[in-house]
Each structure stands twice: as C-alpha cells, then as structure tokens.
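Report on one structure; see the data block that follows.
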2 protein chains.
Amino acid sequence: MEDVAEVAGVSRGTVSRVLNGGHYVSPDALTAVQRAIRKTGYVVNQHARSLVTQRSNSVAFILSDPQDRLFEDPNFNILLKGCTQALAERDITLLLTIAGTQEDRRRVGRWVTAGHVDGVLLVSEHAGSPLTDELRSRGLPIVAAGRPIGHEREISYVAADDRDGARQMVNYLRSRGRRRIGIITGPTDTPGGVDRLAGYRDVIDEPDPGLITHGDYTQASGERAMADLLDRAPDLDAVFVCSDLMALGAISTLHRAGKRIPQDVAVGGFDDSKVAVSADPPLTTIRQDFTRVSTEMVRLLLDSIGTNTRSAVILPTELVIRESA
Amino acid sequence: MEDVAEVAGVSRGTVSRVLNGGHYVSPDALTAVQRAIRKTGYVVNQHARSLVTQRSNSVAFILSDPQDRLFEDPNFNILLKGCTQALAERDITLLLTIAGTQEDRRRVGRWVTAGHVDGVLLVSEHAGSPLTDELRSRGLPIVAAGRPIGHEREISYVAADDRDGARQMVNYLRSRGRRRIGIITGPTDTPGGVDRLAGYRDVIDEPDPGLITHGDYTQASGERAMADLLDRAPDLDAVFVCSDLMALGAISTLHRAGKRIPQDVAVGGFDDSKVAVSADPPLTTIRQDFTRVSTEMVRLLLDSIGTNTRSAVILPTELVIRESA
DNA sequence: CTCCTGACTGGGAGCGCTCACAGTTTGTTG
DNA sequence: CAACAAACTGTGAGCGCTCCCAGTCAGGAG
C-alpha cells in the first residue's frame, strides 16, 4: 500500500480512501491512485483490513443436519449455489460448514463467534437445533432457510409459503372431483412437515386419520408411506405427497399396486424439482423458488449485519399442473 | 490475549507459545494459561494471526464450470461434502467459490492470489480451464479433481482410474457374450470423456465408428445419444454409457424402442451413484469412490502447502454387477 | 568455582491496514 | 476582507497477534 502511495505521489491515507469508496479524494488523486494500483498489481490484504475494521467480509453457510441428508437434496443444492452467487456479487466470501454432530456444533459455535464471520446463513432440517440458541446468544446476525420452529420471533428467516401451497394443491385435487384425498407429510419436526399438513387441514375439515401418514422426504419413505396408506384407505382417489422425491416413491408403489395415475389415484407433489418433469407420469406439484429464497436470505442477512434488525420473508408458492393430477 | 496473560500471570509471549504447540513452556505456565483461556473464554483472532504468519488456514474450493452443471451432479456433491469434512477435521476453513464466467475467473484469480487462501481445490469439468494457468503462475498449491488434461505434469490431481474402469466394463460385457457393444462417452474435452473411451478401445480393437457416440453427462443427452446409436447400429446388443445419469436416459430410450434390458441390450453405467440402484432394471456400473477422492485431495493439498511438491493419485475403480447387464 | 548449555520467559518490533485528527487549500458569505 | 465552511490531504496510533532477541535460571562438565 505504501508502494502504491509512493507511485501515485500521495499518502497511505489517500490510497485507503480510494479503496473505501473514494470520498474526500480529488479527481487527480483518484486517477493517480487507480493507475498506481493497476501498475503495481496491488490488492488489499483482507486480514489486515479485518483486523482493524472487525469485519471479515465473509459469512458462514452452516449446514446443521444430523443425518447429512441435505447434501443429497436437490433443493439444498440450489440454495447453496444461489447463496454463493448472491454473495460473490457483493464480494463477500462464503465459508461452508457442516455441523452434523453435537461436537461439530460446539466447534462451529466457537468458531463462528470468534469473529471469523459477519453473519450466518443457517440451513437445518430440524427445528430446535441447539446451534440456533448458541448463535443467537452471541448476537450474531442469522438468517435461516425455512421457518425456524419455536424461534420465529427471534431469528430472521426466508421460507416458501408451505401452508398456502398445500391449500392450493388440495383445493385443486378437490376441484377435479377427488373426495378421498390422502397425504404423505414430511417429518413433523420440520416446518415443511407441519405447515403443509396444516394447509391440508385448512381445506379438509375433520379429515379421516386413515388418510394421513408421514415420510422423511426420501424416495424410499414415499414408497413405504404409500403402501401404508393404500393399506389403511384402499378407496383413496388422490394423494398429496409433500415432496417430489417422496412422490416418486409413492408412484412406484401405486404402479406396483396396479393403480393407474391419475385415473385411479391422482398424485400431487411439492417442490417442483428436476425429477418432477421426468416422473412417469410427469408430476403435478407446487413450485417453490429456491433461487429466490437464497437471494432473499443473502439480502436479509446483509441488511441485518448493518442494522441488527430481524425480519421474515414468506415467498409465494405456485401450482404447476402436469399429468399426475 | 493480554487479559489471558494477566490472569495466568505470564506474558503475551508465553500465551502465544501455548497457543502454538506449547514448546518451551513450563508445565506450571502451561496449565495456568490453559485455565486462563477457559476462564476468559478467549479465542484467537485469526485475522491478526494471519496478518503476521501470512497464512490463512483456509483453502478455496473452486468450481470452475461454464454451465454450472456440476452443481446438479451427485458426484460433485459427494466431493464437496467430503472436502468440507476432511478440512474441518484439521481446523481449516473451506471457502466456496463459483467461477463460471470469464469475468468470475478473473475475479477469483485475483482474489485467490491475494493471500486469502493457502491453497486451492479445483473442480472443473473441462480441460484447459484458463484458471489453471492463472493459478499455477502464482505458485499457489493446487489440487485438481480428475486428470487436468494438458497439465498433468504441472498440477497435482486425484482421479479415479477411468480407463481401467472402462476396460473392466467392456471386458465384462464381452464375457457375457455381447459382440456389438456401443458406447456413449462424456464430452471429449473431459478426462472422463477421453479416458473411458480409451479403455473401450483398449478392449475392442478397430471398433465400428457407428457404435461410438457422445453425450454431456446429462440424462437428456443420454436419451438422445441412445436414440442416435439405435439409429446407426440397430443390431447392438450392449451399450456402455459413461455416466449413470446418461444411462438412465439411455434406458428410457431403450424402453421406448421396445428393447428389453438386458435380454436385447445390456446397459453398463459409470459412477455407481445413488440412481444406479433405483434404476429399472438396477444398473450394472463402475464404482468410483468420491469420498475417497475428496480425502485424498485434501491430503495432497495440505502436503503440498508445506512442501510445494506435486503428485498424482489414481484411485482404483470397481465393477458393480446388478441386473442391467 | 567458572563456564557452558538448554529450558524457559518477557517485551519490543512489526505484519498491512483504517481511523481520527490536525492541517491546508479553496470557495462562499456577511 | 475577515470569517467560516467544505473539500481534501498527511500522519500517528493501534487493531491482535507472532517472531525474535535478550535475558534469567538451573544443572552438569571441566
């Protein structure tokens, strides 16, 4: 930096000012410094800068899932990619962290609060993750993906409108004349599990308990849950499966049971992921835009880093009609 | 740190020594400092440390793919997850970076060489990525995933034995009596595209050009390539598809063409990814262990950060027999 | 007893920045 | 024309560490 200053014929202070927005710098000095920077190939030392500003210009992307299952989830991939890109645009570094085990979480908790990052993007499958409290207690800005059950008033989050999406799907199935509509939910400790079921209940009052069953978002669990449902309610004429991946499983169970889709049983999914299109038949589903979720998360986080505010963003979901229902 | 020193009744220097291995520290001082650290909740400021040591204790994971296609690739996910975990074990931070566009690459090149990271894990689909030269010229330790075509002697890499895997598959197909064996390769500017074809040629001398076609690792390209192959060589009795995802596409084309698998056409894949098991019929394929690749990459990188050595690791591949062949 | 060596300790210097402050110049106002 | 504000510039201090060097102290060799 001293070199740049010398080449440009100014002082360190002026170079620093140029680097930080160029306020209170004369046009002459500005161009001289810019030229000197190019000539010397100078690039700031982020560590030195962080040392004095107490800001690291980086955020952590923390994946806190006991099973590490999320890494196989296409939604997660879109989220990660979206965040990476949104942050890169603002010259902020993304530190990727996995905190699967209890010990991981402790380590990450310490690490994060050591000032290594300015904020946290938290992606965790289950509610009440111990990390949430840990991070919150340090006053570090956090934005969660999905509604953080039990912490809605405490930490910011961005979520798709699960409940409304479910309502849309069930309403649609009803509008097509289906009367015995089953549901395969996600885990009941995830917002997707809870809220989509709530949406189902919003439309169908006093639903037959035999029409409700649970999966864990995996294809295999969809197969099992569908078999279970078929067992308990052989007369069902539609099923709302709360993830596309599970819907794939449900479809194969239905095929095996000799049911035609959608003639005998209509199938609705959730996510509108890649697989929905290539399913057989192509899946009618609810779209949630994870790219949008990621950009909103980044926006929220950067906002709250400056201002320390808290807010929630609920993004709309949309019915996508294909052939399965 | 000064606080810790005071609480422990020693000097900054001694605290620093404890923090960095505890050499030349008396047992009394050691325990006193450790207690003081716990009591004060002290944690080192990585920026200050990096400022003086010129080491950041972090490495960049650079995804350099024009199409961003890799983010949808299950192999890539395993790689990323493996690297994250392997690095976390050694308390090294992983910075995730996407360098899709030319401008991205320029930005990343500058950023990386500014001393933000101690090394680079490079994952790029195509050979001759301009980033490779850029990074290499700065003398930064790099380890690539897959053989970096044209740079084999210059940068370290970890790769599965593509060529041998292909040989195993084609040999197996031959051993089952198949004589008209087609191949759907990956892009010809990727090591997987080149080397697996080479393996095929190793086994089949003077192959019928009509039996060779290319895809781009996507499912859709597998469908197209299979149709193309069926067109040019209606009598083929086996096909080696150079990725499981493409194999899925090939299978659906074969189904549509009324071919039975494996009776009419045997299908072999490559990767042994998740989808191989759930394919219909389950896919005979070549396993490459990406978790192993990632741990080897991390090992190689950390070695070369200290020593500045270069090396290559080729990991064995293995035939996994299921029902499609 | 002197000398040396090795274990250990404290403190100054400095890593490369930003920030606050004092100082200079220019333009504007009463 | 004095007084003042606004635009701009340079410099010292200090962010929290590590490294180096000078020093102390014990124990063993000569």
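Every chain is numbered from 1, with letters handed out A, B, ... down the list of sequences.
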| said: Quick one: does any side-chain atom of B/Thr40 pair with a main-chain N or O of B/Ala36 as donor and acceptor, under 3.5 Å? | reply: yes
| said: Using a 3.5 Å distance criterion without hydrogens, assess whether the side chain of B/Tyr217 forms a donor-acceptor pair with backbone atoms of B/Gly193. | reply: yes
| Going by number, which of residues 1-21 of chain B have a non-hydrogen atom under 4.0 Å from DNA chain C? | B/Val10, B/Ser11, B/Arg12, B/Gly13, B/Thr14, B/Arg17
| Listed in order of residue number, which residues of residues 41-53 of chain A have a non-hydrogen atom at under 4.0 Å from DNA chain C? | A/Tyr42, A/Val43, A/Val44, A/Asn45, A/Ala48, A/Arg49, A/Leu51, A/Val52, A/Thr53
| message | Main chain of A/Asp161, side chain of A/Thr317: is a donor-acceptor contact present, judged purely on distance under 3.5 Å? | response | yes
| message | Would the distance check show the side chain of B/Ser156 and the main-chain N or O of B/Arg310 forming a donor-acceptor pair, the cut-off being under 3.5 Å? | response | no
| remark: The reported gap from OG1 in B/Thr190 to CD1 in B/Ile149 (rounded to nearest 0.5 angstrom) is 6.5 Å
| Nearest-Å distance, CG (A/Asp28) to P (C/dT26)? | 12 Å
| field | Between P of D/dA22 and OH of B/Tyr24, the distance in whole Å | value | 17 Å
| task | Can you tell me the distance, in whole Å, between the CZ atom of B/Arg55 and the C1' atom of C/dC15? | result | 16 Å
Exercise answer: donor-acceptor pairs, residues 87-97 of chain A side-chain atoms, under 3.5 Å, sequence neighbours excluded:
none

| query | Can you tell me how far C1' of D/dA7 sits from CG of A/Leu30, to the nearest Å? | reply | 14 Å
| said: Using modelled atom types and a 3.5 Å cut-off, is there a donor and acceptor pairing between side-chain atoms of B/Ser294 and backbone atoms of B/Ile78? | reply: no
| Is it true that a side-chain atom of B/Thr14 and a backbone atom of B/Val25 form a donor plus acceptor pair closer than 3.5 Å? | no
